[in-house]
Amino acid sequence: MSELLVVVGDTLLDRDVDGRVDRLCPDAPVPVLDQQFATYRPGGAGLAALLAAADGREVALITALADDPAAARLTGLLTAAGVRLYPLPLPGATPEKIRLRAGGRTLLRLDRGGAAQPPGEPPAAALEVLAGAGAILVSDYGRGVAGLSAMRQALAGTTAPVVWDPHPRGPAAVPGSRLVTPNEGELFRLTGDAATGPRLSGLARAARMLRDRWRAAAVAVTMGADGSLLCHNGGAPLVVPAPVSAVGDTCGAGDRFAVAAVTALADGALLSEAVQEAVRVASTYVAEGGAATLAGPAAGGRPDAAATGAGDRPAGTPGVDVDGREAASAVLARVRANGGTVVATGGCFDLLHAGHLATLQAARRLGDCLVVCLNSDRSVAELKGPGRPLTPQADRARLLAALDCVDAVVVFHESTPHAVLCWLRPDIWVKGGDYARGADPDHPDLPEAEQVRRWGGQTVLVPYLDGRSTSGTIAAARAGGRQLTEGRR
């Protein structure tokens, strides 16, 4: 299936902290969890997008992201999975859900991020991708994305099938939605029904009420291990039992159900067929381990060791900002709070020279701060080959940060800056003029330009000092060394 699936909604960062419990705390009668490893993955709409991408779908995600290290981790996970991000600005902090687990069971869940704050309005590129969608899933977690007026107008005007996974704190589905997928608890909270009488009768009554109130084509109520109940044509409801015993971790099962339903509808299935497929897929997902099956490298799993990366600190180095995310977060928050312009540029900067300095100074003059996206040692080696970089990333970052024209340096480990760009969302992305050499000067090939347009940013070139290059400097140094050696023979 080549048609684009667009997921709209609120994204969270889910973290599972797994360990063992073999003693009680000496100052309180509570268990002590000794952490063995932590696993990170996108939650909410991010999980739905991740699941759809894992199914082989082309996926775009319209969501709100904050200027903090948690959002930086989310963009890395989603970009690595092949999800196209259309980020909206999110005031405050990225919501996080942390589960403390032992023996495969959750002992406690810790929620972070505070009360939801209204996200920024979607840029033109986000509305354009909605207009061209083959199918749309609204994964509402009650934090504001699904309630944006421009978003709702675009959703109401689409001809693509819309599946709406609702939240009791969120808005009503747009009229004409093909399928609404609450669970039992959400259904009764959304309708205010008292849930009296036999279970199926009560569910059918509330589902019809919600379908009529929201003017949706159908409502499919998920019933956990008992499958789903579908009210779709005014007649008797259809009960779809689970084909397998779904005993296990149910985290993400609702997202798995909604993704399977929307992709089936996109492929031309009838509502009844889509719900049957969704029940089968969600039941299998739970039976096979649920969210634990996403603990591979793309989901951020680090077995047998504490995970480190964006926003983490290695053991024994308290206060160390590993990749520069914390310092960059503070700069972004300050500049955006004052209505300023965020400028970013990127590169290896292996041997800092006058050409680099000219580019950085020109970039800084375009806005109110300059964030440099710096390729890590691993990234440089992949791009430049053996023997590079000559200067380790910690030294390169320190030299850049010491320049008056640089406000923050963020190290990224991928071959491209796409993930870190989705997090930074600069108003202006700067490339040195040498990048366009050999290309049509009026239509230079700038690979990040399409991505930067997703949040309304602009990609620009700045003049470059001719004759300055790291590769040329290295070659000249090596040639000079050979000449010196030959002269001594």
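These values consider heavy atoms only, across backbone and side chains, with no hydrogens, waters or symmetry-generated copies.
- Side chain of Thr75 to main chain of Ala419: a donor-acceptor pair is present (N/O by atom type, distance under 3.5 Å, no hydrogens or angles).
- The minimum heavy-atom distance linking Ala49 with Val83 is given by the pair O-CG2, 3.9 Å.
- If you take CZ on Arg398 and CG on Leu400, they are separated by 12.5 Å, rounding to the nearest 0.5 Å.
- Side-chain contact between Val342 and Arg425: absent, with no pair of heavy atoms (C-beta onward) separated by less than 4.5 Å.
- Looking at Arg41 and Cys251, their side chains come closer than 4.5 Å, going by heavy atoms from C-beta outward.
- Between Arg84 atom CZ and Leu61 atom CG the span is 11.5 Å, to the nearest 0.5 Å.
- In terms of heavy-atom proximity, Leu179 sits nearest to Ala261 at CD2-CB, 3.9 Å.
- No donor-acceptor pair under 3.5 Å is formed between the side chain of Arg453 and the backbone N or O of Ala125.
- Around the CZ atom of Arg189, the shell of radius 6.0 Å holds no more than 12 heavy atoms that belong to other residues, nucleotides or ligands.
- Of the candidates Thr416, Leu383, Val411, Asn375 forms a side chain to side chain contact (heavy atoms under 4.5 Å, CB included) with just one, namely Leu383.
- Residues Trp164 and Val174 have side chains in contact (heavy-atom distance under 4.5 Å, counting atoms from C-beta outward).
- Residue Leu100 holds its CG atom at 9.5 Å from CZ of Arg15, rounded to the nearest 0.5 Å.
- From Asp350, atom CG reaches atom CG of Asp377 across 8.5 Å, with rounding to the nearest 0.5 Å.
- Side-chain N or O atoms of Thr158 include none that pairs as donor or acceptor with a backbone N or O of Ala154 at under 3.5 Å.
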Step by step, work out the side-chain contact (heavy atoms from CB on, under 4.5 Å) result for Glu121 and Ser149.
CA-CA 8 Å; Glu121 289 293 330; Ser149 57; 4.2 Å; yes
Begin with the C-alpha distance, continue with both residues' side-chain angles, and end with the deciding distance and a verdict on side-chain contact (heavy atoms from CB on, under 4.5 Å) for Phe349 and Leu360.
CA-CA 11 Å; Phe349 298 98; Leu360 295 171; 4.1 Å; yes
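- Judged purely by atom type and a 3.5 angstrom limit, Arg396 uses its side chain to pair as donor or acceptor with the backbone of Cys348.
- Taking both residues in full, the closest heavy atoms of Asp67 and Arg336 are given as OD1-NH1, 2.6 Å, listed atom of the first, atom of the second, then distance.
- Under the 4.5 Å side-chain criterion, counting only non-hydrogen atoms from C-beta, Val331 is in contact with Arg334.
- The line from CD1 of Ile62 to OH of Tyr86 is 8.0 Å long, rounded to the nearest 0.5 Å.
- Between Asp323 and Arg73 no salt bridge is recorded (no basic side-chain N to carboxylate O distance below 4.0 Å).
- A side-chain N or O of Asp68 and one of Thr94 form a donor-acceptor pair less than 3.5 Å apart.
- In this structure, the side chain of Thr63 engages the main chain of Gly9 through a donor-acceptor pair within 3.5 Å.
- At a threshold of 4.5 Å between non-hydrogen side-chain atoms, the residues Asp407 and Arg364 count as touching.
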Test log, rule side chain to side chain donor-acceptor pair (under 3.5 Å), inputs Tyr141 and Asp255:
CA-CA 11 Å; Tyr141 274 73; Asp255 299 292; 2.9 Å; yes
Verify salt bridge (Lys or Arg N to Asp or Glu O under 4.0 Å) between Asp14 and Lys97, making sure each step is shown before the conclusion.
CA-CA 5 Å; Asp14 283 346; Lys97 296 188 181 299; over 6 Å; no
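- For Val138 against Val162, the heavy-atom pair with the smallest separation is CG2-CG1, 4.3 Å.
- The closest side-chain heavy-atom distance from Glu448 to His418 is below 4.5 Å.
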Could you please spell out the steps behind the side-chain contact (heavy atoms from CB on, under 4.5 Å) verdict for Leu50 and Leu77?
CA-CA 9 Å; Leu50 189 74; Leu77 295 173; 5.9 Å; no
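- Considering all non-hydrogen atoms of both residues, Leu65 and Cys422 come closest at CD1-O, 4.2 Å.
- Two residues are said to be in side-chain contact when any heavy atoms from C-beta on lie closer than 4.5 Å; Leu51 and Tyr285 meet this criterion.
- Taking CG of Leu390 as the start and CG of Asp395 as the end, the distance is 12.0 Å to the nearest 0.5 Å.
- Side chain of Asp140 to main chain of Ala146: no donor-acceptor pair is present (N/O by atom type, distance under 3.5 Å, no hydrogens or angles).
- Using a 4.5 Å heavy-atom threshold, the side chains of Val7 and Arg57 count as separate.
- Heavy-atom minimum distance, Ala282 versus Ala253: CB-O, 4.0 Å.
- Counting non-hydrogen atoms of neighbouring residues, nucleotides and ligands closer than 6.0 angstrom, the CG atom of Asp404 reaches no more than 12 such neighbours.
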Let's go through Arg325 and Trp423 carefully: what are the C-alpha distance in whole Å and the side-chain angles of both, what is the deciding distance for side-chain contact (heavy atoms from CB on, under 4.5 Å) to 0.1 Å, and is it a yes or a no?
CA-CA 10 Å; Arg325 263 70 173 179; Trp423 172 59; 3.8 Å; yes
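- We find that Arg99 and Asp16 are joined by a salt bridge, their nearest charged nitrogen and carboxylate oxygen being less than 4.0 Å apart.
- In this structure a side-chain-to-backbone donor-acceptor pair under 3.5 Å is missing from Thr11 to Gly44.
- Between the side chain of Thr79 and the backbone N or O of Gly76 there is no donor-acceptor pair closer than 3.5 Å.
- Distance alone, capped at 3.5 Å, is enough to place a donor-acceptor pair between the Asp368 side chain and the Thr341 backbone.
- Judged by distance alone, with hydrogens and angles left aside, the side-chain atoms of Trp455 form a donor-acceptor pair with the main-chain N or O of Pro426 at under 3.5 Å.
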Show your reasoning for whether side chain to side chain donor-acceptor pair (under 3.5 Å) applies to Thr181 and Asp165.
CA-CA 5 Å; Thr181 62; Asp165 193 6; 3.3 Å; yes
